[in-house]
Amino acid sequence: MLSGGAARGAYEAGVLAYLRDGLVRDTGVRAHFDIVCGSSVGAINACVLAATANEPDMQGSVMASRWSTLNIDDVLPLGTTDVLRFTRSMFGAAPAGSSHRHGGVLDPTALEKVVLEGIPWTMIPRNISEGHLEALAVSATHVSSGHTVIFVERREPGLPPWGSDPFVHGFATRIRPQHALASAAIPIVFPAVSIDGQYYCDGGLRLNTPIAPAVRLGAERVLVVSLRHRPPEADRPRLSMHPPTPGHGPPSAFFLAGKVINALWLDHIDYDLDRLRRTNSVLDAGARAFGDAFSDRLNEQLSSQGAAPLRTIEELRIEPSQDLGVLAGEVARSSEFARRAKGLVARALQRYAKASDESDADAVSYLLFDQSYCAPLVELGIADARAHKEQLAKLFSSDPR
């Protein structure tokens with residue numbers, strides 16, 4: 001399960017690089033993915049995995065290299081015409097016969113080129129049909145309704161039983177570049193994407209870490225790559241209701257944007273994992289209290305009510321050991337970044353980072369598509385995955401018990 005987080009997605013590439021290149025070397029266990037699910041930038045990384053599933057040994061190095069060589073001026077160009085185009089789109093719908101994109105401050109052409117040319121899309125259905133992968137799922141938000149749509153490509157026709165959430169819909173299809181681009185289309189920042197006449201935007205708005213789709217597709221063991229740092233309990237900031245210190249004004253719009261994105265993209269994972277663990281605890285307690293037949297009898301009752309069956313699912317979460325917002329601020333304030341990045345977006349991030357507290361650069365961390373930030377994130381992902389090598393070896397072994 002690969003989460004959304006824009007430029008933070010470089011961390012996912014680092015985790016995957018270790019899974020492919022380091023885990024077998026350190027433990028003798030080779031990682032294999034039957035189901036890959038992604039949301040937002042995680043959808044792009046998921047599509048890379050699905051398209052190269054026939055060559056697992058090269059996946060890690062390729063993903064790490066691509067993320068570590070990004071240049072923000074190339075990925076996020078911004079000019080006067082872009083601002084004018086966005087202003088026009090704010091006051092009217094897309095004209096008839098317009099492109100598959102509409103709205104958004106930044107021109108996505110460069111990012112689209114990376115996605116279109118950097119992923120062998122025709123290999124996804126081939127890898128699934130040949131058994132290198134069982135299923136790929138990509139989430140996006142349907143703009144007009146606000147509902148989440150899970151686009152699924154798998155070996156079996158159609159969809160498995162999908163649950164009763166009226167705001168989340170599964171849709172069996174062939175995954176194309178538009179699905180990944182739609183899933184990563186951050187509202188306002190990037191234009192929404194048209195798929196079969198319907199507009200979609202970032203899949204992380206309501207389903208940032210797609211655990212539920214993986215469960216519906218049959219997963220029994222899940223690896224969740226989170227993009228949010230959780231400090232130890234003793235180091236977590238406490239809510240203070242005291243008046244702010246003199247000279248401490250209201251938060252900036254950019255600061256608020258970072259916190260809103262955190263809430264939309266990164267906070268859901270704790271709830272989803274907690275629900276999964278509670279289900280595991282109920283099944284375990286029921287088996288101890290009523291015998292091994294407990295889960296079968298429970299699922300018989302659930303089935304009679306049209307509900308999905310429950311089963312124990314083993315899970316492991318890997319998350320950043322450092323605050324990625326703090327790291328982004330350090331990079332944006334650095335002289336090396338100032339020397340190399342000259343575009344409007346880069347200069348805006350520099351100015352905001354220099355004017356902000358060290359801990360207030362969350363918004364910067366989502367837009368810093370640059371090697372000076374992404375390369376350290378790749379290395380951090382490798383190091384954090386290596387710190388979990390025993391748990392990973394257990395998760396990916398043929399008999400994890």
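Numbers for residues simply follow the sequence, beginning at 1.
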All pairs passing ring pair (Phe, Tyr, Trp, His ring centres under 6.0 Å) where residues 283-332 contributes a residue, at least two apart: F290-F294
Chi angles and distances behind the side chain to side chain contact (heavy atoms under 4.5 Å, CB included) call for I195, H179: CA-CA 7 Å; I195 301 175; H179 297 101; 3.7 Å; yes
Heavy-atom pair with the smallest gap, counting every atom of I150 and A137: CG2-CB, 4.0 Å
Side-chain touch V152/T173, heavy atoms, less than 4.5 angstrom: no
Any residue meeting ring pair (Phe, Tyr, Trp, His ring centres under 6.0 Å) with F337, in chain and number order, not counting sequence neighbours: none
Y18 side chain near L23 side chain, heavy-atom distance below 4.5 Å: yes
Distance in Å, I313 CD1 paired with I211 CD1, rounded so as to fall on 0.5 Å steps: 9.0 Å
Heavy-atom donor-acceptor pair, R155 side chain to I128 backbone, under 3.5 Å: yes
Evaluation steps, side chain to side chain contact (heavy atoms under 4.5 Å, CB included), between D202 and T141: CA-CA 6 Å; D202 199 296; T141 300; 5.6 Å; no
Evaluation steps, side chain to side chain contact (heavy atoms under 4.5 Å, CB included), between I175 and W121: CA-CA 8 Å; I175 302 295; W121 291 96; 4.2 Å; yes
For the student: nearest non-hydrogen atoms of A332 and A353, plus distance: CB-CB, 3.6 Å
Check: R347 side chain, K342 main-chain N or O, donor-acceptor pair, under 3.5 Å: yes
Backbone N/O of E336 and side chain of R340: donor-acceptor pair under 3.5 Å: no
Minimum heavy-atom distance S3-S226, with the two atoms named: OG-CA, 4.0 Å
Pairwise distance CG(L276) to CD(E314) - rounded to 0.5 angstrom: 10.5 Å
S303 (side chain) donor-acceptor with N299 (main chain) under 3.5 angstrom: no
Any donor-acceptor N/O pair, Q59 side chain to T52 backbone, under 3.5 Å: yes
Side-chain heavy atoms of L283 within contact of L298, under 4.5 Å: yes
Those residues that, when tested against H169, pass ring pair (Phe, Tyr, Trp, His ring centres under 6.0 Å) (two or more places apart): H147
N127 side-chain N/O to M123 backbone N/O, donor-acceptor pair under 3.5 Å: yes
Partner set under side-chain hydrogen bond (donor to acceptor under 3.5 Å, both in side chains) for H132, not counting sequence neighbours: E130
Test applied, side chain to side chain contact (heavy atoms under 4.5 Å, CB included); reference residue, L392; option that passes from T27, V15, I318, D26: I318
Distance, nearest 0.5 Å, that separates CD of Q178 from OH of Y200: 12.0 Å
Validation row: V115, I44 side chains within 4.5 angstrom (heavy atoms): yes
CZ (R126) with more than 12 external heavy atoms under 6.0 Å: no
Nearest atoms (heavy-atom pairs only) where A185 meets P191: CB-O, 3.3 Å
Where A214 and M1 come nearest, the two heavy atoms and their spacing: CB-SD, 3.3 Å
Side-chain donor or acceptor of S68 paired with backbone N/O of A64 under 3.5 Å: yes
Basic-acidic side-chain contact under 4.0 Å: R176, D196: yes
pair Y373-S365: side-chain heavy atoms closer than 4.5 Å: yes
Interatomic distance, L316 atom CG to L223 atom CG [nearest 0.5 angstrom]: 5.5 Å
Closest non-hydrogen atom pair between A50 and L133, with its separation: CB-CD2, 3.5 Å
Heavy-atom neighbours of D292 CG exceed 12 at 6.0 Å: no
Distance in Å, E319 CD paired with L227 CG, rounded so as to fall on 0.5 Å steps: 10.5 Å
Any side-chain heavy-atom pair of V48 and V62 under 4.5 Å: no
Beyond-backbone contact of M63 with N45, side-chain heavy atoms, under 4.5 angstrom: yes
Main-chain N/O of W162 paired to R216 side chain as donor or acceptor, under 3.5 Å: yes
Pairs meeting criterion salt bridge (charged side-chain N to carboxylate O under 4.0 Å, His left out) with involvement of residues 52-71, two or more places apart: R30-D57
Pair L327-L377, side chain to side chain contact (heavy atoms under 4.5 Å, CB included): steps then yes or no: CA-CA 9 Å; L327 178 59; L377 257 59; 3.3 Å; yes
S334 side-chain N/O to V331 backbone N/O, donor-acceptor pair under 3.5 Å: yes
Validation row: I382, E379 side chains within 4.5 angstrom (heavy atoms): yes
Sub-6.0 Å ring centroid separation between F396 and F33: yes
Results of ring pair (Phe, Tyr, Trp, His ring centres under 6.0 Å) for F369 - residues two or more places apart only: none
Under 3.5 Å donor-acceptor, R20 side chain and A31 backbone: yes
Spacing of R277 atom CZ and R275 atom CZ [to the nearest 0.5 Å]: 13.0 Å
Atom CZ of R311: over 12 foreign heavy atoms under 6.0 Å: yes
R154/E156 ion pair, N-O < 4.0 Å: no
